[in-house]
Amino acid sequence: MELLEQYIREKGVVKEGNVLKVDSFLNHQMDVHLFSEMGREWKRLFADAPINKILTIEASGIGIACIAAQMFEVPVVFAKKAQSINIDGEVYASKVESFTHKRVYDVIVSKKFLSPEDHILVIDDFLANGCAVNGLIDIIEASGATLEGVGIAVEKGFQEGGKLLRERGVRLESLAIVDAMDAKTGELTFRH
Ligand code: 5GP
């Protein structure tokens, strides 16, 4: 998606450790005009899918998922980060290893909000190794709902998450794929 690539080129900052900082428009300050265009693009890409719910993960997926949900006219459910101690039979739970914080945490979704009748689009801001998305897919599978696809804002194509999802046959639509980035020069290469 041209507009997102333009934002990344102009406002993104490449950090050491394969981290792309986009906090001026995507996951701290949020550019809602950009989010609307992203939502419209996912709606176009998934026009044929019978999506009735969007699933994301707190915190940074929530903003983009909500704006996308306006385009799809469906509710958004976000998986919550929880203490293991609070996990009971009322929730679906999975473990996710945080790419940016390097620790494992539990994510939960109440059983009230996912059922076998649901057709889910997963939305998140970044795809790196795929831990966050895989945790959400585990939860969808446990609920008996159908995974219709995954919409990602920025996929880092040099990490393995996207490749593994595509190999599993998951319908993955990343709006920008960064194939290489250099923290020293700030140079970014996009996949087209
Ligand atoms: P994964 O679970 O695919 O390894 O990593 C995805 C999650 O880690 C996303 O939810 C995102 O919050 C965070 N993340 C991964 N890579 C980056 C990055 O380069 N920049 C930022 N800002 N977040 C990232």
Side-chain angles (χ1 to χ4, degrees), residues 1 4-31 34-35 38-39 42 54-69 76-82 92-109 120-141 147 149-168 170-191:
M1 184 187 170
L4 179 58
E5 287 184 14
Q6 198 182 317
Y7 268 75
I8 296 169
R9 280 191 198 287
E10 285 172 14
K11 302 170 197 272
V13 181
V14 182
K15 297 280 189 189
E16 294 291 346
N18 286 336
V19 172
L20 177 60
K21 227 168 147 52
V22 289
D23 60 357
S24 65
F25 61 96
L26 196 69
N27 54 20
H28 192 6
Q29 176 167 258
M30 299 187 280
D31 190 309
L34 172 66
F35 286 17
M38 287 164 48
W42 280 316
I54 289 176
L55 179 66
T56 188
I57 184 164
E58 71 175 352
S60 47
I62 297 175
I64 51 177
C66 285
I67 304 284
V76 178
V77 177
F78 65 92
K80 294 188 173 201
K81 293 173 183 165
Y92 299 113
S94 183
K95 287 198 185 299
V96 170
E97 186 179 342
S98 160
F99 177 80
T100 35
H101 300 113
K102 306 280 180 238
R103 50 176 280 257
V104 177
Y105 52 90
D106 295 286
V107 291
I108 58 163
V109 173
I120 309 289
L121 173 63
V122 168
I123 295 270
D124 202 9
D125 59 343
F126 270 91
L127 179 62
N129 295 319
C131 296
V133 168
N134 283 324
L136 295 178
I137 294 176
D138 286 347
I139 285 175
I140 292 168
E141 285 175 351
L147 173 67
V150 177
I152 295 291
V154 188
E155 175 181 338
K156 290 184 292 178
F158 52 89
Q159 292 176 280
E160 65 178 2
K163 180 170 163 279
L164 295 177
L165 286 173
R166 291 186 183 94
E167 279 172 4
R168 278 170 66 187
V170 173
R171 186 170 174 187
L172 171 63
E173 297 289 359
S174 302
L175 301 184
I177 303 180
V178 177
D179 265 339
M181 56 189 207
D182 187 327
K184 294 210 167 55
T185 61
E187 200 180 325
L188 287 155
T189 310
F190 291 97
R191 188 182 304 174

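In listed order, ligands and their atoms are each counted from 1.
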What distance do [X] atom [atom1] and [Y] atom [atom2] have between them, rounded to the nearest 0.5 Å?
X: Lys81; Y: Ile57; atom1: NZ; atom2: CD1; answer: 6.0 Å
X: Gln6; Y: Lys11; atom1: CD; atom2: NZ; answer: 9.5 Å
X: Glu97; Y: Lys102; atom1: CD; atom2: NZ; answer: 7.5 Å

How close does the nearest protein non-hydrogen atom get to [atom], and which residue and atom is it?
atom: atom 20 (N) of ligand 1; answer: Leu20 O, 2.7 Å
atom: atom 4 (O) of ligand 1; answer: Asn129 N, 2.8 Å
atom: atom 8 (O) of ligand 1; answer: Phe99 CB, 3.7 Å
atom: atom 11 (C) of ligand 1; answer: Asp125 OD1, 3.5 Å
atom: atom 17 (C) of ligand 1; answer: Lys156 NZ, 3.5 Å
atom: atom 14 (N) of ligand 1; answer: Phe126 CB, 3.8 Å
atom: atom 2 (O) of ligand 1; answer: Ala132 N, 2.8 Å
atom: atom 13 (C) of ligand 1; answer: Thr100 OG1, 4.0 Å

Around [X], counting heavy atoms of other residues, nucleotides and ligands shown, do more than 12 lie under 6.0 Å from its [atom1]?
X: Glu187; atom1: CD; value: no
X: Lys21; atom1: NZ; value: no
X: Met30; atom1: CE; value: no
X: Lys184; atom1: NZ; value: no

Side-chain donor or acceptor of [X] paired with backbone N/O of [Y] under 3.5 Å:
X: Lys156; Y: Asn18; result: yes
X: Thr56; Y: Ile123; result: yes
X: Glu16; Y: Ala183; result: no

Per-atom contacts, ligand 1 versus [X] - under 4.0 Å to a heavy atom:
X: Cys131; result: 1 (P), 2 (O), 3 (O), 4 (O)
X: Asp124; result: 9 (C), 10 (O)
X: Asn18; result: 19 (O)
X: Asn27; result: 22 (N)

May I ask you to identify, for [X], whether its side chain, its backbone, both or neither come under 4.0 Å of ligand 1 on a heavy-atom basis?
X: Val133; value: neither
X: Leu26; value: neither
X: Ser60; value: side chain

Open item on the list: Less than 4.0 Å is my threshold; does some heavy atom of Gly161 fall inside it relative to ligand 1?
Closed with: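 Gly161 does not count as a contact of ligand 1 under the 4.0 Å cut-off.
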
Open item on the list: Below 4.0 Å from ligand 1: does a non-hydrogen atom of Val22 turn up there or not?
Closed with: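 Contact check Val22 vs ligand 1: negative.
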
Task: Heteroatom proximity flag, Ile57 to ligand 1, N/O under 3.5 Å - done: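 It does not: no N or O of Ile57 is found under 3.5 Å from an N or O of ligand 1.
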
Open item on the list: Below the 3.5 angstrom mark, is there an N/O of Leu127, backbone or side chain, next to an N/O of ligand 1?
Closed with: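 No, no N or O pair falls under 3.5 Å.
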
- [ ] Apply the test side chain to side chain contact (heavy atoms under 4.5 Å, CB included) to residues Leu4 and Leu34: give CA-CA distance (whole Å), side-chain angles for both, the deciding distance (0.1 Å), then the verdict.
- [x] CA-CA 7 Å; Leu4 179 58; Leu34 172 66; 4.0 Å; yes

Please list, one pair per line, the donor and acceptor atoms closer than 3.5 Å that link side chains of residues 127-141 to other protein atoms, with sequence neighbours excluded.
{"from": "Asn134", "atom 1": "OD1", "to": "Arg168", "atom 2": "NH1", "distance (Å)": "2.8"}
{"from": "Asn134", "atom 1": "ND2", "to": "Gly130", "atom 2": "O", "distance (Å)": "3.0"}
{"from": "Asp138", "atom 1": "OD2", "to": "Ser94", "atom 2": "OG", "distance (Å)": "3.3"}

